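Have a look at the structure below before the remarks.
Residue numbers count from 1 along this sequence. Given the structure is predicted, the values throughout are model-derived calculations rather than measurements. Both ligands and their constituent atoms are indexed starting at 1 by order of listing. As a basis for the values below, the full set of heavy atoms in this structure was taken, side chains included, without hydrogen atoms, waters or symmetry mates.
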Amino acid sequence: MDNKKSQQDNVLGRRDFFSKVAAMSATALAGTSLLANESAGEGDPAIMHHTKWGQVWGDPVTTNLYGVPSPYEHNNTRRSTKLLASGNFRASIAVTPIHESEGIITPNGLFFSRSHGGTAHVDPNEYRLMIHGLVEKPIVLTLAQLKRYPSVTRTHFIECPANGGQEWRGPQFNSVQFAKGFMASAEWTGVYIKTILEDLGLKPEAQWMLAEGSDNSKMGRTVPVDKVMDDAMIVWGQNGEALRPEQGYPVRLLLPGWEGNLCVKWLRRLEFAVEPWYCKEETSKYTDLKPTGKAIQHFYANEVNSTVTSPSPEIPWTDLKEGDQVEIEGLAWSGMGTITTVDLSFDGGRNYVEAQIKGLVLPKSWTRWSYMFTIPKDFQVNGKQIILASRAIDDAGYIQPTIDEEIGIMGVEAVYHRNAVETWEVTKEGKVNHVQIRSI
Ligand SMILES: Nc1nc2c(c(=O)[nH]1)N[C@H]1C(S)=C(S)[C@@H](COP(=O)(O)O)O[C@H]1N2
Ligand SMILES: [Mo]
């Protein structure tokens, strides 16, 4: 495997800025309370009067036998754009509103979706999975038979390796949803493929596994047997219910941390062999062109990455004023391991302070981070406009590169595996814009 980014062993630039910002926040937190001085007081009719909804019957419990979000949340949706679609939107991508997401799980209706031939609608009664090639006992399973294997439940993100891939030459989208939302996270239930292979008997010469979809795109990708025997899963459950059609109902392949493209949906066939297949999606696509003209192939894991999600172009600070406390939040993730540290910069990545990691920290999972911040005068820190940037480190020892480091190695002709530090400027009105800062 060609690891395109070298490991950096030192964490740069925490020094003086760290102490300054830390001191600033500490003083602010000691001197004021969070929101206790903001009380609307006695005059607020919204708390003084009976509520409209408290004076009528509520809906019968039978109104939504399958629950739907409050109508007030109508804006919290996946989004798509012609820039990300071909022709009739069948081969297209709809991105997750990561700025609206809470915790580390994406609700199924908001899970990003990328399909090369449209969403297939599979009849579970006609569903079959064939496992063959270099196995002692080839098999064709129905869905019910597949589910008789012992199941496991694991939380993992799926990220299209093209996440951010439109932006090698600079921001295309003034939106965190479009810039970073080619990913989502769920609690998946299924069976480890190694469990099935213990049953069927994998022949020792097997080195590669072909996974093929039954949809119109016939998505085919080859996976090294090492990964298959490590943590590859066949999944049918997504956040406590069956997979959604967009996620490959009734069954998909899940390769924790690896390119979303390899997680073949509407899975029909697994075949084991000595050589890789060199399918269309691992030759013409999902390879990265380097400045030398050579392409990187068989490069699978999504590397350590992070983004600020709030504030963002979608969630600006325009309603906040000097002295207000606000939580800066974001996500960090790595397909190679567990997030250990997230750093936050107010000056575009020159200096960093350490952010707080919140909640569950799981391998190959979204990890939520946060930083309590006091809005400074004119939204300036040390007399300069704020440029937010986050940088994550994982336990495989990787640290996100700067955009200059990444472009230095990859040029700008690549599409996949962009994981450089992203930058977000805050204007003096509190608006947030996606920017790219070179040569810092
Ligand atoms: N059968 C099949 N599997 C597929 C695809 C497809 O078009 N057909 N798209 C792939 C791509 S490019 C990605 S990024 C992920 C997206 O998974 P999601 O739609 O559940 O987010 O599925 C992968 N698996
Ligand atoms: Mo993808």
Could you report the tightest heavy-atom contact between Glu259 and His417, atom names first, then the distance?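 Nearest pair, atom of Glu259 first, then His417: OE2-NE2, 2.8 Å.
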
Do you know the tightest heavy-atom contact between Tyr249 and Pro124?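 In this case the closest contact between Tyr249 and Pro124 is OH-CG, 3.3 Å.
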
Is there a donor-acceptor contact under 3.5 Å from the side chain of Glu422 to the main chain of Ser390?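 No, because the side chain of Glu422 does not come within donor-acceptor range (under 3.5 Å) of the backbone of Ser390.
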
Find the distance between CH2 (Trp333) and OG1 (Thr307) and round it off to the nearest 0.5 Å.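 Atom-to-atom, Trp333:CH2 and Thr307:OG1 are 6.0 Å apart.
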
Who are the residue neighbours of ligand 1 when the rule is a heavy atom under 4.0 Å from any of its atoms?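 Protein residues near ligand 1 are Phe111, Phe112, Ser113, Arg114, Ser115, His116, Cys160, Gly213, Asp215, Ser217, Met219, Glu246, Gln247, Arg252, Gly260, Asn261, Cys263, Val264, Lys265, Trp266, Tyr286.
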
Is the closest side-chain heavy-atom distance between Gln436 and Ile403 below 4.5 Å?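 The answer is yes, as the side chains (C-beta and beyond) meet within the 4.5 Å cut-off.
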
Between the side chains of Glu327 and Ser370, is a donor N or O closer than 3.5 angstrom to an acceptor N or O?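 Their side chains do contain a donor-acceptor pair, which is all the 3.5 Å distance test asks for.
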
